[in-house]
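Following: one structure in structure tokens, then a few remarks.
Computed from heavy atoms alone, side chains included, the values below leave out hydrogens, waters and symmetry copies. Start at 1 with the first residue, then count along the sequence. Since we're looking at a predicted model, the values are computed, not measured. One-based numbering, in listed order, for ligands and for the atoms of each.
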Amino acid sequence: MTLVLRETHPETTVVRVAEVPIGGPALAIMAGPCAVESEEQVVATARAVKAAGANILRGGAFKPRTSPYAFEGLREEGLRLLAIARAETGLPIVTELLDPRHIDIVGAVADIFQIGSRNMQNFTLLDEVGRARKPVLLKRGMSATLEELLLAAERVAAHGNSEIALCERGIRTFETATRNTLDLNAVPYLKRRSHLPVIVDPSHGTGHWWMVPHLARAAVAAGCDGLLIEVHIDPAHAMSDGFQSLTPESFSRMMTDVRAIAAAVGRQA
Ligand code: PEP
Ligand code: MN
């Protein structure tokens with residue numbers, strides 16, 4: 001491993017997502033629904049998170065689901081709705097790429113590709129985004145070590161694409177009270193070992209909406225470069241991950257606190 005290590009590249013990499021820098025003094029705040037469900041839902045959420053201070057819109061069009069009976073996203077229609085939300089708000093888009101065969105259609109809408117936890121070791125997919133000329137948000141596999149996450153990033157970089165942001169989203173442990181155990185050790189560790197920016201996802205990391213603001217504040221205090229937060233206009237009726245989604249109002253309150261913590265550690269939000 002060389003390309004992603006700080007010893008070979010002492011300066012922190014600033015990944016540019018459209019106009020939004022990830023890794024500079026300002027935090028990248030990616031917020032939006034787990035899944036795109038309708039034009040009204042994604043546009044209303046996009047407007048609300050932008051007003052509260054988000055600078056990138058998240059939303060899944062292709063959803064990775066283990067159960068073949070679960071909602072798999074609106075797929076191409078979801079991409080079309082994300083493009084509308086982008087046009088309405090100007091927010092760049094992060095959305096998951098599940099399949100290398102979709103790289104062109106997802107790439108036509110995504111400003112940064114999300115590689116999900118379940119695909120951190122999908123080497124075909126990593127090689128494909130490595131050849132792409134677009135940034136990548138690489139989520140940690142739910143049972144992957146930090147070195148394995150860095151090796152997956154190295155694989156993307158080795159294929160020519162160094163525009164990578166790493167994402168800690170919680171790991172599987174013996175603990176069942178929370179969906180995952182958010183490993184905030186990852187933040188200082190990855191920041192010291194690698195020059196790549198680090199994003200924290202306390203939504204999947206906890207699985208409980210009421211825990212999300214606490215862990216978001218902790219992540220910013222620990223020195224992350226940004227947050228990935230699930231926000232839904234009506235979490236009780238969300239088609240996926242409603243139990244860990246903030247309402248626009250609670251997201252806005254979270255952002256007020258995040259701004260104060262960011263200022264305390266020399267960052268802006
Ligand atoms: C998501 O961001 O909605 C998602 C599926 O995340 P993960 O890959 O971390 O489970
Ligand atoms: Mn989700």
Side-chain angles (χ1 to χ4, degrees), residues 17 22 28-37 41-42 45 49 54 56-67 70-75 78-79 81-82 93-99 102 106 110-122 125-126 129 135-144 146 148-149 152-153 156 164-173 178-184 186 190 198-209 211-212 215-216 219 224 226-247 251:
V17 179
I22 310 180
I29 307 291
M30 310 175 179
C34 179
V36 177
E37 298 170 9
Q41 174 242 17
V42 70
T45 311
V49 298
I56 299 176
L57 176 66
R58 67 147 283 142
F62 291 90
K63 295 301 301 174
R65 307 307 292 267
T66 302
S67 164
F71 174 59
E72 293 183 352
L74 297 182
R75 305 171 64 89
L79 296 174
L81 300 181
L82 283 170
I93 304 290
V94 56
T95 194
E96 182 160 351
L97 176 68
L98 268 189
D99 184 326
H102 298 156
V106 174
D111 296 283
I112 175 168
F113 288 121
Q114 177 171 323
I115 299 296
S117 197
R118 291 156 193 78
N119 275 319
M120 191 207 84
Q121 287 172 306
N122 180 335
L125 195 59
L126 296 177
V129 292
V136 179
L137 178 69
L138 179 62
K139 297 191 87 172
R140 180 183 185 180
M142 59 187 80
S143 302
L146 294 172
E148 287 164 340
L149 171 60
V156 174
I164 307 161
L166 305 170
C167 181
E168 163 59 36
R169 49 77 73 201
I171 52 175
R172 283 217 168 154
T173 66
T178 49
R179 182 178 183 179
N180 290 294
T181 296
L182 187 66
D183 179 15
L184 288 183
L190 293 171
V198 176
I199 302 293
V200 173
D201 170 359
S203 304
H204 295 87
T206 62
H208 297 295
W209 66 268
M211 288 183 73
V212 170
L215 276 299
C224 71
L227 297 167
L228 184 72
I229 308 285
E230 287 187 337
V231 179
H232 196 285
I233 47 172
D234 183 8
H237 295 102
M239 295 183 79
S240 65
D241 288 354
F243 46 82
Q244 66 189 35
S245 298
L246 296 183
T247 59
F251 176 70

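Proximity of a side-chain donor or acceptor of S203 to a complementary backbone N or O of E230 within less than 3.5 Å is detected.
Salt-bridge check for E148 with R140: failed, with every basic side-chain N at 4.0 Å or more from each acidic carboxylate O.
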Checking M239 against K63 for the side chain to side chain contact (heavy atoms under 4.5 Å, CB included) test, could you report, in this order, the C-alpha distance in whole Å, the side-chain angles of both residues, the deciding distance, and whether it holds? CA-CA 11 Å; M239 295 183 79; K63 295 301 301 174; over 6 Å; no
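Pocket lining of ligand 1, defined as residues with a non-hydrogen atom under 4.0 Å away: C34, R58, K63, E96, Q114, G116, S117, R118, K139, R169, H204, E230.
Other residues, nucleotides and ligands contribute only 12 or fewer heavy atoms inside 6.0 Å of the CZ atom of R172.
Partners of E96 by side-chain hydrogen bond (donor to acceptor under 3.5 Å, both in side chains), not counting sequence neighbours: none found. Listed by chain and number, the residues in a side-chain hydrogen bond (donor to acceptor under 3.5 Å, both in side chains) with S117 are R169 (sequence neighbours excluded).
Counting only protein N, O or S atoms, 4 lie closer than 2.8 Å to the Mn ion (ligand 2).
You'll find the side chain of E37 stays beyond 4.5 Å of the side chain of D234, heavy atoms only.
I112 CD1 to Q114 CD: the interatomic distance, rounded to the nearest 0.5 Å, is 9.0 Å.
The shortest non-hydrogen separation linking D201 to C167 is CB-SG, 3.9 Å.
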